[in-house]
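Notes follow once the structure below has been shown.
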Protein chains: 2
Amino acid sequence: MQRAGLKRTAQRDLIVDVFLRTEDHLSSEDLYHLVKAQDPTIGQTTIYRTLKLLTEAGLASEVRLGDGRTRYEPNNKFPHHDHMICTGCGRTVEFFSAEIKRLLDGIAAEHEYEPKQHSLRIFGVCADCRRERNERAEIESSVETHVHLDYARAAK
Amino acid sequence: MQRAGLKRTAQRDLIVDVFLRTEDHLSSEDLYHLVKAQDPTIGQTTIYRTLKLLTEAGLASEVRLGDGRTRYEPNNKFPHHDHMICTGCGRTVEFFSAEIKRLLDGIAAEHEYEPKQHSLRIFGVCADCRRERNERAEIESSVETHVHLDYARAAK
DNA sequence: CTCAATGCAAAGTATTTGCACGCTC
DNA sequence: GAGCGTGCAAATACTTTGCATTGAG
């Protein structure tokens, strides 16, 4: 599986095993905690190094969702997809559009670039967060109204 | 120009002036050096803070080109565009596709997201770097050939 | 037995924050 | 004059690196 001059160790087995099972976009730290639950002696560094190796080997992909950290997803599930990220709750939707891919390849060809990879993220507000936002706006505006009523004269 | 409770200072004037003139994607540090050339007393922190303000005010956009740092571009030139980045030399091509935008909006609508922004980057190898890479490959293969010829027997 | 892998601590990098002072408004 | 803006140093957050030890091949 990862034979390319690489050694197989108990740590790597465990990390890869845990990692490939996940559906989420794990940060190195997330994975560290998950793995540590099964082997408390594991070190952060090993996780970082293993994720890097997996990425280089094409088994994992780096994903940046907007918080500072690098997240990873296993490549064994879907071949490629992009992400739509809710800026309210962080929820992500994965999507793939062959049509977009085609357009991107066209753009690359136009400028004589050999496309290797792309990163496409849509940032927006999901339905739930929109609803929540509207509710909050209602509450706030009613509060403001009260304030105006109570202190309008005092303010002047 | 930046009246929204913000004060106008000599530092901000200078930073904004230098920044809006540039065509490049400047990192905070890049801009720091450029500004420092004209006012050696300026501090890094002020650059960070001003770029953040400009971004919040919609006058600048953050761009991540793949090296660790956050880069910025003025918004006064082109309304919106995406980037294609050469992984060899870092050269970038800016492009915009209304068709892609349309597709993205469709995807967002499909999942009931209200799209706010997107980030689209194509990573690839530009024509120059491809040429250079090929030339290097030729040299290396000829070197290898020599080695084989000279040491083939010794190696066995 | 050799050299890659590990874990710890320390170092790096990029950015942010606390704070005293100075300058706009 | 009040409070935002500035510059410095220190703090933070994430990731990488140096090094001695362990373990796989």
Side-chain angles (χ1 to χ4, degrees), chain A residues 1-19 24-57 59-73 90 155, chain B residues 1-19 24-57 59-73 90 119:
Chain A
M1 190 192 211
Q2 54 173 196
R3 306 300 177 78
L6 298 182
K7 282 180 184 170
R8 181 168 183 178
T9 66
Q11 290 93 327
R12 283 184 180 171
D13 278 355
L14 178 59
I15 294 170
V16 170
D17 184 59
V18 172
F19 177 63
D24 298 333
H25 304 104
L26 297 181
S27 67
S28 188
E29 203 182 350
D30 295 337
L31 186 56
Y32 174 56
H33 291 309
L34 287 177
V35 171
K36 190 152 195 164
Q38 297 191 232
D39 173 5
T41 71
I42 204 108
Q44 274 264 36
T45 313
T46 304
I47 310 285
Y48 273 107
R49 285 193 277 230
T50 305
L51 283 171
K52 201 174 170 190
L53 283 173
L54 288 173
T55 304
E56 282 163 8
L59 295 168
S61 294
E62 299 186 348
V63 194
R64 299 203 168 253
L65 261 29
D67 56 350
R69 67 205 74 195
T70 307
R71 295 176 171 280
Y72 294 85
E73 59 189 12
Chain B
M1 188 192 212
Q2 54 172 195
R3 303 302 177 77
L6 298 182
K7 283 180 184 170
R8 182 170 181 177
T9 65
Q11 290 92 328
R12 283 183 180 170
D13 278 355
L14 179 58
I15 294 170
V16 170
D17 184 59
V18 171
F19 177 63
D24 297 334
H25 304 104
L26 297 181
S27 67
S28 188
E29 202 181 353
D30 294 339
L31 186 56
Y32 174 56
H33 291 309
L34 287 177
V35 171
K36 190 152 197 165
Q38 297 190 231
D39 173 4
T41 72
I42 203 108
Q44 275 264 35
T45 312
T46 304
I47 308 284
Y48 272 109
R49 285 193 275 230
T50 305
L51 282 172
K52 202 175 171 188
L53 284 173
L54 289 173
T55 303
E56 282 163 8
L59 296 169
S61 294
E62 299 187 348
V63 195
R64 299 204 168 250
L65 262 29
D67 56 351
R69 67 204 77 195
T70 305
R71 296 175 171 280
Y72 295 84
E73 59 187 12
S119 154

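Because only heavy atoms are used, hydrogens play no part in the values below, and waters and symmetry mates are left out as well, while side chains stay in. The chains referred to below are lettered A, B, ... by the order of the sequence lines, with proteins before strands, and numbering in each begins at 1.
With hydrogens and angles ignored, a donor-acceptor pair under 3.5 angstrom links the side chain of Arg49(B) to the base of dG7(D).
The salt bridge (Lys or Arg N to Asp or Glu O under 4.0 Å) search around Arg64(A) returns none, not counting sequence neighbours. Partners of Gln11(A) under the side chain to side chain contact (heavy atoms under 4.5 Å, CB included) rule, at least two apart in sequence or in another chain, are Thr9(A), Ile42(A), Thr46(A). Shown here are the side chain to side chain contact (heavy atoms under 4.5 Å, CB included) partners of Thr55(B), two or more places apart in sequence or in another chain: Ala60(B), Glu62(B), Tyr72(B).
Between Leu53(B) and Glu56(B) there is a side-chain heavy-atom pair separated by less than 4.5 Å.
Atom CG in Leu6(A) sits roughly 17 Å away from atom P in dC3(C) (whole-Å rounding). At whole-Å resolution of the value, CG in Leu53(A) and C1' in dT16(D) are 14 Å apart. In this structure, CG of Asp39(B) is placed 17 Å from P of dG5(D), rounded to the nearest angstrom. Atom CD in Gln11(A) sits roughly 11 Å away from atom C1' in dA24(D) (whole-Å rounding). Atoms NZ (Lys36(B)) and P (dT6(D)) sit 15 Å apart, rounded to a whole Å. Straight-line distance from the CG atom of Leu14(A) to the C1' atom of dA5(C): 15 Å, rounded to whole Å. As a whole-Å value, the separation of Glu56(B) CD from dT16(C) P is 10 Å. The distance between atom CD1 of Ile47(A) and atom P of dC14(D), rounded to the nearest whole Å, is 16 Å.
Taking only side-chain nitrogens and oxygens, Thr9(B) comes nearer than 4.0 Å to OP1 or OP2 of dT6(D). Between Thr46(B) and dG7(D) there is a side-chain polar atom (N or O) within less than 4.0 angstrom of OP1 or OP2. OP1 or OP2 of dT6(D) lies within a sub-4.0 Å distance of a side-chain N or O belonging to Arg12(B).
A distance of 10.5 Å separates CG in Leu54(A) from OG in Ser61(A), rounded to the nearest 0.5 Å. The line from CG of Asp17(A) to CG of Asp13(A) is 8.0 Å long, rounded to the nearest 0.5 Å. One distance of note links CD1 of Ile15(A) with OG1 of Thr50(A); it measures 3.5 Å at 0.5 Å rounding.
Distances from the side chain of Arg8(A) to the nucleotides dG25(D), dT6(C), dA9(C) place dG25(D) closest.
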Quick one: side chains of residues 27-38 of chain B, donor-acceptor pairs under 3.5 Å with protein atoms, not counting sequence neighbours, listed by atom name and distance.
from, atom 1, to, atom 2, distance (Å)
Ser27(B), OG, Glu29(B), N, 3.4
Ser27(B), OG, Asp30(B), N, 3.0
Ser27(B), OG, Asp30(B), OD1, 3.3
Ser27(B), OG, Asp30(B), OD2, 3.1
Asp30(B), OD2, Ser27(B), N, 3.0
Asp30(B), OD2, Arg71(B), NH1, 3.1
Tyr32(B), OH, Lys36(B), NZ, 2.6

Which pairs, protein N/O on one side and nucleotides 1-3 of chain D N/O on the other, fall under 3.5 Å?
from, atom 1, to, atom 2, distance (Å)
dG3(D), N2, Lys7(B), NZ, 3.2

Quick test: give all pairs of protein nitrogen or oxygen and nucleotides 11-15 of chain C nitrogen or oxygen below 3.5 Å, distance rounded to 0.1 Å.
from, atom 1, to, atom 2, distance (Å)
dA14(C), OP1, Arg69(B), NH2, 2.7
dT15(C), OP1, Thr70(B), N, 2.8
dT15(C), OP1, Thr70(B), OG1, 2.7
dT15(C), OP2, Tyr48(B), OH, 3.1

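Looking at Asp24(B), its side chain never comes within 3.5 Å of a backbone N or O of Leu26(B) through a donor-acceptor pair.
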